Amino acid sequence: MRLSRYYLPLLKETPAEAQIVSHRLMLRAGMIRQEGAGIYAWLPLGFRVLKKIEQIVREEQDRAGAVEMLMPTIQPADLWRESGRYDAYGKEMLRITDRADREMLYGPTNEEMITEIFRAGVRSYKDLPKMLYHIQWKFRDEIRPRFGIMRGREFLMKDCYSFDVDETAGRRSYNKMFVSYLRTFSRMGLKAIPMRAETGPIGGDLSHEFIILAETGESAVFCDQGLINMAVPPKSTDFEGDLQPVIEQFTSLYAATDEMHDEEEFTSRVNENDRLSARGIEVGHIFFFGEKYSKPMKAVVASPEGGEVPVQMGSYGVGVSRLLGAIIEAHHDDAGCKWPTAVAPFHVGLINMRSGDGPCEEACEKIYAALEAAGVEVLYDDTPARGGEKFARMDLIGLPYQITIGPRGLEAGEAEVKSRADGEKTSIALDKVASEIAAKVKVELDYA
RNA sequence: CGGGGCGUAGCGCAGCCUGGUAGCGCAUCUGGUUUGGGACCAGAGGGUCGCAAGUUCGAAUCUUGCCGCCCCGACCA
């Protein structure tokens with residue numbers, strides 16, 4: 001992509017309303033634009049990151065055996081009357097009437113609808129287990145939206161639902177999602193810690209929140225330091241095999257959000273040096289809630305013993321749009337974002353120090369074409385701006401690699417490459433730079 | 001929902017108390033000098049001062065109502 005054709009409205013000054021670094025950087029880097037309280041437009045750069053995150057979530061859901069579908073954003077109220085949640089959900093649910101005065105709502109979540117869809121198509125325990133998910137926009141009329149997309153009213157969420165014949169099988173589904181989440185967040189360069197959590201209005205008896213540690217997190221958390229560097233299950237993990245040992249490993253050490261925190265247990269189970277009390281961002285939440293919806297909504301299957309039993313359900317959410325903020329919180333410096341390659345809007349920024357200069361342009365065009373041909377995503381700054389400005393904005397948007405072409409390097413037959421993550425600068429021969437960077441990018445994308 | 005605050009050029013703000021020509025920095029446009037970490041000089045364009053009503057000879061400024069947004073608290077991906 002040539003920057004001259006792109007839409008990248010960067011802000012030099014920090015907008016007054018942005019309180020946390022991820023919000024500030026998203027506004028300054030031209031990723032989002034606020035259209036109302038808790039409502040944001042995704043500008044081209046932000047949209048690219050959102051799509052990358054979404055795709056990682058999708059790949060790990062598929063790998064765990066979940067099946068993708070898409071449910072509508074607008075739902076009929078009657079569905080929610082069946083579960084009793086139409087009244088229970090309160091003002092957080094955006095209620096709408098259509099032209100015929102039918103009561104509708106903009107979905108804050110989809111348990112009711114997926115249960116309705118499931119019961120229409122499944123009759124026997126032999127059809128189980130099933131895991132269905134979608135990645136769809138939700139609307140929750142939050143009392144107080146804040147921190148940009150971190151707590152927006154409209155947000156993109158992956159929600160998965162599992163259906164099993166009994167509790168044992170249900171827990172197997174829960175375990176699959178547990179492992180899937182560990183991998184999902186790890187691939188984005190995040191260390192997410194599963195913590196025992198309350199079940200909230202969705203209900204149930206088994207629940208974990210996946211928390212990213214960050215100073216600006218909304219919840220206080222307490223955990224054993226040992227969780228931070230625990231090895232995440234590899235790509236080769238067999239999701240049909242026994243995952244219980246992994247779950248036990250990750251739940252063996254103390255970790256709880258403040259609602260579930262037990263100071264006595266914390267101090268008795270965790271050595272003083274390993275006690276970590278911090279703040280965290282919730283990026284995922286998994287529940288097993290059994291018959292909570294299947295019973296009132298009559299989602300039943302024929303059981304092996306004859307007769308009908310309500311299916312055992314779980315639901316599993318990932319805040320896809322929130323993850324952008326969480327990733328920036330974890331990867332940035334004073335100059336801007338430092339995207340992990342897996343979610344970077346582009347892999348490489350190509351800087352022409354002297355636009356309009358024949359040899360510089362020629363060298364840039366050559367490298368640009370070679371990188372694109374190698375499947376590397378390049379943002380080529382072909383604008384007439386001065387070098388300093390180009391450096392500053394590349395640092396701000398935070399692409400993993402910057403390749404600089406200027407008269408100085410050309411004389412030596414070299415391009416300068418900067419790694420945004422560690423700031424390290426190297427010189428590489430002009431005819432090798434594209435292939436070397438392409439190789440690095442490929443390795444980083446193949447990780448996990 | 002309770003408490004606090006804000007709304008003036010694309011962005012950041014001053015002006016309001018004490019009513020009288022709407023201003024500054026950045027950005028933008030033109031010309032020139034520059035060009036390896038957000039350049040300099042000269043010139044130019046850009047505003048229903050959130051909306052409405054009222055007070056007044058006169059309102060960005062005072063009064064009232066409305067709308068929008070932000071921050072602090074209890075809920076949530």
Side-chain angles (χ1 to χ4, degrees), chain A residues 9-20 23 27-28 30 33-39 53 57 89-93 107-110 135-160 181 184-185 192 197-202 207 209-212 217-219 257-259 280-287 315-326 335-336 351-357 360 384-396 402 404-412 415-416 418 423 425 427:
Chain A
L10 302 180
L11 303 177
K12 210 168 189 176
E13 285 170 286
T14 302
E17 75 274 11
Q19 296 298 304
I20 63 170
H23 189 195
L27 291 168
R28 287 195 54 211
R33 178 167 177 81
Q34 181 169 16
E35 297 296 341
I39 299 175
I53 291 171
V57 171
Y89 219 94
K91 297 193 79 169
E92 203 170 293
M93 185 152 75
T109 179
N110 285 69
I135 300 171
Q136 177 64 291
W137 292 93
K138 305 290 189 287
F139 193 94
R140 294 184 189 173
D141 200 354
E142 296 281 348
I143 296 167
R144 182 148 107 81
R146 70 181 117 177
F147 299 153
I149 50 135
M150 291 283 233
R151 174 170 301 287
R153 290 196 294 172
E154 188 180 58
F155 60 98
L156 187 61
M157 177 165 122
K158 183 284 300 182
D159 40 324
C160 180
Y181 277 28
T184 299
F185 301 127
E198 269 188 326
T199 50
I202 295 183
S207 173
E209 287 181 16
F210 286 74
I211 303 273
I212 308 299
E218 287 192 273
S219 34
T257 59
D258 53 352
E259 302 99 42
I281 301 165
E282 183 185 353
V283 290
H285 201 158
I286 60 179
F287 302 89
S315 82
Y316 315 90
V318 170
V320 175
S321 46
R322 174 179 287 180
L323 275 165
L324 261 91
I351 294 175
N352 183 357
M353 288 301 293
R354 200 70 60 90
S355 291
D357 176 83
C360 283
R386 299 159 60 86
E389 189 178 348
K390 292 189 178 191
F391 288 134
R393 62 193 183 198
M394 276 301 176
D395 284 349
L396 175 59
Q402 297 171 11
T404 302
I405 302 296
R408 214 157 76 184
L410 280 190
E411 218 163 288
E416 184 180 276
K418 177 171 136 181
K425 291 179 185 171
S427 290

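Values reported hereafter were calculated over all heavy atoms of this structure, with side chains retained and with hydrogens, waters and symmetry mates removed. Everything quoted here is computed from the prediction, not taken from an experiment. Throughout, protein chains are lettered first and strands after them, A, B, ... in sequence-line order, and every chain is numbered starting at 1.
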Using a 4.0 Å heavy-atom cut-off across all strands, classify [X] as base, sugar-phosphate, or nothing.
X: G148(A); answer: nothing
X: M157(A); answer: sugar-phosphate
X: L11(A); answer: nothing
X: R33(A); answer: nothing
X: P9(A); answer: nothing
X: G406(A); answer: base
X: E209(A); answer: nothing
X: G90(A); answer: nothing

Does [N] have its OP1 or OP2 closer than 4.0 Å to a side-chain nitrogen or oxygen of [X]?
X: R146(A); N: rC71(B); value: no
X: K12(A); N: rG38(B); value: no
X: Q34(A); N: rC70(B); value: yes

From CG of D258(A) over to P of rC76(B), roughly how many Å is that when rounded to an integer? 11 Å
For F185(A) and Y181(A), take the angle between the two ring planes, folded into 0 to 90°, and tell me which bin it lands in: parallel under 30, tilted 30 to 60, perpendicular over 60.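 Correct class here is perpendicular.
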Under 3.5 Å for both donor-acceptor distances, Watson-Crick or wobble: does rA42(B) have a partner, and if so which one? rU30(B)
Same-atom distance (P) from rU8(B) to rG31(B), integer angstrom: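 It works out to 33 Å between them.
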Taking rG25(B) as the reference, what is the distance to rC40(B) when you measure between their P atoms (whole Å, please)? 13 Å
Under 3.5 Å side-chain donor-acceptor pair for K138(A) and S321(A):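 No - no donor-acceptor pair under 3.5 Å links their side chains.
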Between rA77(B) and F155(A), is there a base-stacking contact, meaning the centre of the base's six-membered ring lies under 5.5 Å from the residue's ring centre while the planes stay under 30° apart?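 F155(A) vs rA77(B): stacking yes.
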